[in-house]
Amino acid sequence: MPLLIPAAVGLAFLLLPLLALLVRAPWRSLPEQLTSPEVWQALRLSLVCATAATALSLLIGVPLAWLLARTDFPGRGLVRALVTLPLVLPPVVGGVALLLAFGRNGVIGQWLDAWFGITLPFTTTGVVLAETFVAMPFLVISVEGTLRAADPRYEEAAMTLGASRFTAFRRVTLPLIAPGVAAGSVLAWARALGEFGATITFAGNFPGRTQTMPLAVYLALQNDPAAAIALSLVLLAVSIAVLAGLRDRWMTAS
Amino acid sequence: MTTRSARRIRRSLRATGAGVAALLALSGCSSESSGDAGSSSKPSGTITVFAAASLQESFAKLGKTFEKQHPGTEVTFNFGGSDTLAASITSGAPADVFAAASTRTMRTVTDQDATAGRPRTFVRNRLEIATLPGNPDEIDSLEDLTRPGLKVVLCDRTVPCGAAAQSALRTGGLRLTPVSYEEDVKSALTKVVLKEADAALVYRTDVRAAGDKVEGVEFPEAAEAVNDYPIALLKDAPNPGAAGAFIDLVKSAEGQKVLTAAGFLTP
């Protein structure tokens, strides 16, 4: 089987770096590394922000996916391409773009500051925005694909029976595409959890407020590699636990 | 290939005893400090210099000068955070010269036995407050930064500029809660350039390099937060002769002129 060897190389390439993390982990000092309050602070912030970013993505991303899949308007192809842009954009560019838009001196941010006294950089809200910017396209793409695969005649049938468009969407379409929404949410959540570039550029780094786990890992690497490895292990464990836990319930259900 | 095997022999020699190691260190030291290896045989070929990000402008200039003085040479640079550079050197990056923004960072390289001879301090850098152009918040002292409502960014304490900021604050007996601990001095400065922060503690040289995009405010506590910049020839340098000559240029009167013009202080 000529494909077996490159396939094995591919698998090894993906798994070896993660194994190296386990091999070089400072197991003996791990308990004290991981019980420090800073670690828990960063982990808690990471989980809260990733969850908030996923919720925000659901709120505005599912309607956007519906718009792209179910309606016809001029320039839809272009809009669809623009939605996927954050997927390929270097996250740090996303962070700079967010600063220029929502920063205190930004295109929108200066009005937020002048009218409401709201500034987003250096705040936890800023972290959520940065994570949403990077993670939402995963959800939109995933939900749009599911919507295209779902038969629109069920919605049409509901509407001929007197349901409004919104009721049909809520009572018929949403349950129909639930597995796709769930899979998209997991992807978005995992991406938000690992977000680094846009977060450190837009929201800065302050323990307890904007310092998420990836930021803590990066800064620990500067002068305490053992701590960085320990923090990486936590992030790896959380990611594996979430993906494994949700896979059985949602992803294989579709 | 020959240099690599020679290096391997040297390594095994080193393993035979501490005395040999000391001898080698001594010989490395003498060849670096006298600079004879550089001036007697004409420097040629490529040298790779790993240098702190804050040295970018002045070292680029010195590299051009060196290439002009020694035709046939080429100086390539890798600018970055000192700690990141130190980590890549100790894990085997092929570099000839390392110039760090703090002695602590250089120590991580010397601790791994990766330098030839003792690192020498060639410039010093002190902190300055970078404020918005025109200093609209009227910041005149380090204490002014602790005013409530002022958005100040510092470097994270894990990087040299952050460590310096902490010792300046300690000297002044001040407590300052910034809005962010930035990952390096340039990103701290950027937050002020983009007007997202009102002030940042950065190096004097960064304020100068930013031109009129920020305004610098000096403060007395900065005298206690001076970073020494050490430079060293690396032990596994592929081109030690030319590298030694480059270090000589950096330490020469001509090199010091370029560096002080950028805002560095002579040691």
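By convention in this document, chain letters (A, B, ...) are assigned in the order of the sequence lines, proteins followed by strands, and residues within each chain are numbered from 1.
- Listed options E182(B), R157(B), K191(B) were ranked by heavy-atom pairs under 4.5 angstrom with chain A; first place goes to K191(B).
- Between the side chain of N105(A) and the backbone N or O of K195(B), no donor-acceptor pair lies under 3.5 Å.
- Looking at T158(B), the atoms closer than 4.5 Å to chain A (heavy atoms on both sides) sit in the backbone and in the side chain alike.
- Remark: S54(B) engages Y229(B) in a side-chain hydrogen bond (donor to acceptor under 3.5 Å, both in side chains) (not counting sequence neighbours).
- For chain B, the nearby part of L100(A) is the side chain; its heavy atoms alone come within less than 4.5 Å.
- Here the OH atom belonging to Y218(A) is positioned 5.0 Å from the OG1 atom belonging to T84(B), to the nearest 0.5 angstrom.
- With a 4.5 Å cut-off on non-hydrogen atoms, T119(A) touches chain B through its side chain but not through its backbone.
- In this view, L174(B) and L142(B), E143(B), T146(B), L169(B) satisfy the side chain to side chain contact (heavy atoms under 4.5 Å, CB included) rule, not counting sequence neighbours.
- The shortest side-chain heavy-atom distance between P207(A) and Y181(B) falls under the 4.5 Å cut-off.
- Heavy atoms of other residues, nucleotides or ligands lying less than 6.0 angstrom from CD1 of I5(A) number 12 at most.
- Residue T190(B) holds its OG1 atom at 9.5 Å from CG of L99(A), rounded to the nearest 0.5 Å.
- Interface check for chain B: of the options L215(A), T201(A), T123(A), the most heavy-atom pairs under 4.5 Å are formed by T201(A).
- Within a 6.0 Å sphere centred on CZ of R24(A), heavy atoms belonging to other residues, nucleotides or ligands number 12 at most.
- Heavy-atom pairs under 4.5 Å with chain A were tallied for L194(B), T108(B), V179(B); the largest tally goes to V179(B).
- A donor-acceptor contact shorter than 3.5 Å links the side chain of S180(B) to the backbone of N205(A).
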**Audit row: E196(B), L120(A), side chain to side chain contact (heavy atoms under 4.5 Å, CB included) steps and yes/no** = CA-CA 10 Å; E196(B) 292 305 333; L120(A) 295 168; over 6 Å; no
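- With sequence neighbours left out, the salt bridge (Lys or Arg N to Asp or Glu O under 4.0 Å) criterion links D83(B) to R104(B).
- For D198(B), the parts lying under 4.5 angstrom from a heavy atom of chain A are both the backbone and the side chain.
- Contacts of residues 76-94 of chain A with chain B at a heavy-atom distance below 4.5 Å are absent; not one residue qualifies.
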